[in-house]
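First comes the structure, then the notes that go with it.
These numbers were taken from a predicted model, which means no experiment stands behind them.
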Amino acid sequence: MAQYTVPITDDTFEAEVLQSDLPVLVDFWAPWCGPCRMIGPVLEDYARDNGHRIKIAKLNVDEEQRWAGQFGVMSIPTMILFHKGKPVGQLVGFRPKHEMYQILDSALEQLQSA
């Protein structure tokens, strides 16, 4: 199965997220986190369907803590939307697929019209 989300590390965060031409949703997650494992396939589907408008990156907070600390991530899953290198939105916790799609579609529409 193809992977549409991009695994990132503290070392690749700047290039993959802050310097990206596309908006980037960073999923701060850990393998032991149940809600993280539930949101993973939702984000994978969204990335597959919308990869031309957004990059979805996954940062494992057990292995990589620098950027999670820098952005004040206290609980997971936390998803932060970056645009032009700056955080422009944040979600904490699991959301059902239809709700996640609505939130991301709305955020992308707002970024395009800004």
Task: Main-chain N/O of Glu109 paired to Ser113 side chain as donor or acceptor, under 3.5 Å - done: yes

Task: Shared hydrophobic cluster, Phe82 / Ile39 (ILVMFWY, side-chain heavy atoms < 4.5 Å) - done: no

- [ ] Decide yes or no on side chain to side chain contact (heavy atoms under 4.5 Å, CB included) for Asp62 and Trp32, but give the supporting numbers first.
- [x] CA-CA 9 Å; Asp62 281 350; Trp32 51 263; 2.7 Å; yes

- [ ] Please report the closest heavy-atom contact between Asn60 and Ala30, naming both atoms and the distance.
- [x] OD1-CA, 4.1 Å

Open item on the list: Can you confirm whether the side chains of Asn50 and Tyr4 place a donor and an acceptor under 3.5 Å from each other?
Closed with: no

Task: Contact summary for Val17 and Ile8, nearest pair of heavy atoms - done: CG2-CD1, 3.8 Å

Task: Test salt bridge (Lys or Arg N to Asp or Glu O under 4.0 Å) applied to Arg37 - qualifying residues, sequence neighbours left out - done: none

TODO: May I have the step-by-step check of side chain to side chain contact (heavy atoms under 4.5 Å, CB included) for Met100 and Met79, ending in yes or no?
DONE: CA-CA 11 Å; Met100 196 72 206; Met79 292 148 281; 3.6 Å; yes

- [ ] Indicate whether any N or O donor in one side chain lies under 3.5 Å from an N or O acceptor in the other, for Glu44 and Thr5.
- [x] yes

TODO: Please name the pair of heavy atoms, one in Val42 and one in Lys97, separated by the smallest distance, quoted to 0.1 Å.
DONE: CG1-CA, 3.9 Å

Task: Separation of Lys86 NZ from Leu18 CG (nearest 0.5 Å) - done: 8.5 Å

Task: Same apolar cluster: Leu43 and Val61, side chain cutoff 4.5 Å - done: no

Task: Val24-Val88 co-clustered via ILVMFWY side chain contacts under 4.5 Å - done: no

Task: Pairs where residues 7-24 contributes a residue and the test salt bridge (Lys or Arg N to Asp or Glu O under 4.0 Å) is met, not counting sequence neighbours - done: Glu16-Lys55

TODO: May I ask you to decide if the ring planes of Phe13 and Phe28 are parallel, tilted or perpendicular, using 30° and 60° as cut-offs?
DONE: tilted

- [ ] Kindly determine whether Leu91 and Glu99 satisfy side chain to side chain contact (heavy atoms under 4.5 Å, CB included), including the steps that lead there.
- [x] CA-CA 12 Å; Leu91 279 174; Glu99 188 177 328; over 6 Å; no

- [ ] State the CD-OG1 distance between Glu63 and Thr9, to the nearest 0.5 angstrom.
- [x] 9.5 Å

Task: Cluster overlap Val26 with Tyr46, hydrophobic side-chain contacts below 4.5 Å - done: no

Open item on the list: Are Tyr101 and Asp49 packed together at the side-chain level, in the sense that at least one heavy-atom pair is separated by less than 4.5 angstrom?
Closed with: yes

Task: Heavy-atom pair with the smallest gap, counting every atom of Glu64 and Leu59 - done: O-CD2, 3.8 Å

Task: Heavy-atom closest contact (Ile56 atom, Ala47 atom, distance) - done: CD1-N, 3.9 Å

Task: In one Ile/Leu/Val/Met/Phe/Trp/Tyr side-chain cluster, 4.5 Å: Leu22, Leu25 - done: no

Open item on the list: With a 4.5 Å cut-off on side-chain heavy atoms, are Pro87 and Phe71 touching?
Closed with: yes

Open item on the list: Tell me the closest heavy-atom pair linking Ile103 and Arg95, and the distance in Å.
Closed with: CD1-NE, 4.1 Å

